[in-house]
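These numbers were taken from a predicted model, which means no experiment stands behind them. Heavy-atom basis, side chains included; hydrogens, waters and symmetry copies ignored.
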Amino acid sequence: MDYQLLIAVGVGIIALLFMILRLKIQAFIALLIVCMLVGIVAGLSPEMILNSIKNGMGSTLGFVATVVGLGALFGGLLEHSGGAQGLAAFILKLFGEKKASWAMMITGFIIAIPVFFDVAFIILVPVVYAISKKTKKSVLLYAIPLLAGLAITHSFIPPTPGPVAVADILGANLGWVIMLGFIVGIPAAIISGPLFAKYISEKIDIRLPVVNNNIETSEDKEYPNPITIMLIIALPIVLIVFKTVLLGDWFDQSILPKYLIYAISLLGHPFTALIIANLIAWYILGIKRGTTKDALLKLSMKSFQPAGAIILLTGAGGAFKQILVDTKAGEMLASSLQSSLIHPLLFAFIVAALIRVLQGSATTAMIAAAGITSPIILAGDFSAAQIALFVISIASGATILSHVNDSGFWLVGQYLGLTEKQTFRSWTVMTTLIAITGVLMSLILWYVF
């Protein structure tokens, strides 16, 4: 039976990669087909296979769909108001021209919390053009730190979709993921951002792309107050972390009145925290700035569009996890890993990295790797912090070595006026630095927590 389960998992993974890479089948459909294939090879009945898919989809989407939807709505409001550009201008003014690369890293780190990676980059790249033109230095000196900040937050820190989906599949506490995401993300951002940018900008001197010479940042446009933007972005994160700390093992809850525990439990849940942030943003960034209710409604509907694919893909990842659990293939995988010398975090990292390099999408790599890794967590005795580190390790693996099969590779190259070789030397190396720093920091923190 063990051999049959091993064959089932092997056939499933090979079929998944073949369908995505060779046949170009959408990852959502490919994952569902693989769920059925693994179930058939493992000897499950048709009813059990379909129930596993239904239960896996349902249990995952109940949480993820809500958080991703609320996050997308929040990001849409921020983008519409010009808050991202205003915050970038404020941080640049605060740091000054000499430390502009650090300012861009911090901007990217903050902005990517509510705004999708590619949208945030497109919004902020004119700021990079303007600084490069003013200082007469390589675009990469400012673009790489911005991209590093965006990529790290996008992969490591909820409520961005990737870590939210992986955390849900693995059963990780979001508060722990946020805290450890910041701890791991800051050194990763520094190494892959300003430090690497200083090196690579001396090797590749790229000036303002010709096609974008007419793009300037609008200095006379009235943006929302940057402090207000930062407070709105920080609010849901603070509420979630506050609940994790006060209602976790670190704090004696018996000294708190019951009504306060009730309030913290409610307000610190990601659903409530993001609803509050959305309502505040809806009023301050929308109504108060003269946007009509009809316009806000249209904006809301538009904001949900990019979230749909992520939600469905995450649901399919949850179904894949459930199939591995129900066939007992996951238990076999977990027991074989326990008898091997490889560290479980490294296993999670390698699985995510292989899928990422082979098929390109970081989100697909994260969700597929989470499904494969989840049985190890179910079979093991890991702390809440260690389970959160699995999320970070998977996110690190899913970030590594972005190349020609990743849309981000072409987006960055096109907007910065880079050749393919220059994109490899800058963007691809940057994503690899993030991945290596992320997994090394995760391994160190494993023995701290």
Tell me every residue that passes ring-ring contact (aromatic ring centres under 6.0 Å, His included) with [X], counting only those two or more places apart in sequence or in another chain.
{"X": "F90", "result": "none"}
{"X": "F95", "result": "none"}
{"X": "F109", "result": "F182"}

Run the side chain to side chain contact (heavy atoms under 4.5 Å, CB included) test against [X] and tell me which residues pass, sequence neighbours left out.
{"X": "A263", "value": "none"}
{"X": "F271", "value": "F63, T66, V67, H269"}
{"X": "A172", "value": "A167, V177, I387, V391"}
{"X": "V241", "value": "I178, M179, I237, V245"}

Problem - Residues in side-chain hydrogen bond (donor to acceptor under 3.5 Å, both in side chains) contact with D205, at least two apart in sequence or another chain - result: R207
Just by modelled atom types, is the [Y] backbone N or O under 3.5 Å from a matching donor or acceptor in the [X] side chain?
{"X": "S303", "Y": "L299", "value": "yes"}
{"X": "N173", "Y": "A385", "value": "no"}
{"X": "Q414", "Y": "L411", "value": "no"}
{"X": "T160", "Y": "I157", "value": "yes"}
{"X": "S132", "Y": "Y129", "value": "no"}
{"X": "S138", "Y": "I206", "value": "yes"}

With a 3.5 Å cut-off and sequence neighbours excluded, list the donor-acceptor pairs that the side chains of residues 185-204 form with protein atoms.
from : atom 1 : to   : atom 2 : distance (Å)
S192 : OG     : A188 : O      : 2.6
S201 : OG     : A197 : O      : 2.8
S201 : OG     : K198 : O      : 3.2

Minimum-distance pair of heavy atoms, taken over all atoms of [X] and [Y]:
{"X": "H403", "Y": "V357", "result": "NE2-O, 2.8 Å"}
{"X": "A395", "Y": "M366", "result": "CB-CE, 3.8 Å"}
{"X": "C35", "Y": "I323", "result": "O-CD1, 3.6 Å"}
{"X": "A165", "Y": "I367", "result": "CB-CG1, 4.2 Å"}
{"X": "F74", "Y": "A281", "result": "CE1-CB, 3.8 Å"}
{"X": "L92", "Y": "A103", "result": "CD2-CB, 3.8 Å"}

Problem - Crowding at CZ, F424 (>12 non-hydrogen neighbours, <6.0 Å) - result: yes
Completion exercise
The single option from V139, V125, V128 that satisfies side-chain contact (heavy atoms from CB on, under 4.5 Å) with Y415 is V125
Mind checking whether [X] and [Y] have side chains closer than 4.5 Å, heavy atoms only?
{"X": "T291", "Y": "H80", "value": "yes"}
{"X": "T431", "Y": "L147", "value": "no"}
{"X": "L416", "Y": "F121", "value": "yes"}
{"X": "T428", "Y": "F409", "value": "yes"}
{"X": "L285", "Y": "I229", "value": "yes"}
{"X": "I113", "Y": "P159", "value": "yes"}
{"X": "D118", "Y": "L150", "value": "no"}
{"X": "I276", "Y": "I280", "value": "yes"}

Show me, pair by pair, the donor-acceptor contacts under 3.5 angstrom made by side chains of residues 12-26, not counting sequence neighbours?
from : atom 1 : to  : atom 2 : distance (Å)
K24  : NZ     : L21 : O      : 3.2
Q26  : OE1    : F28 : N      : 2.7

Identify every side-chain donor-acceptor pair in residues 434-449 under 3.5 Å, counting partners at least two apart or on other chains, and give the distances.
from : atom 1 : to   : atom 2 : distance (Å)
T437 : OG1    : L433 : O      : 2.7
S442 : OG     : G438 : O      : 2.8

Exercise for the section: Verify whether one side chain among Y223 and S81 offers a donor that lies under 3.5 Å from an acceptor in the other. Expected result: no
Problem - Interatomic spacing from CD1 in I275 to CG in L70 - rounded to 0.5 Å - result: 5.5 Å
Handout entry: Residue pairs involving residues 393-402 (criterion side-chain hydrogen bond (donor to acceptor under 3.5 Å, both in side chains); sequence neighbours excluded)
Key = S155-T399, S402-D406, S402-W427
Exercise for the section: List the steps and the verdict of side chain to side chain contact (heavy atoms under 4.5 Å, CB included) for Y142 and T135. Expected result: CA-CA 11 Å; Y142 312 107; T135 60; 2.9 Å; yes
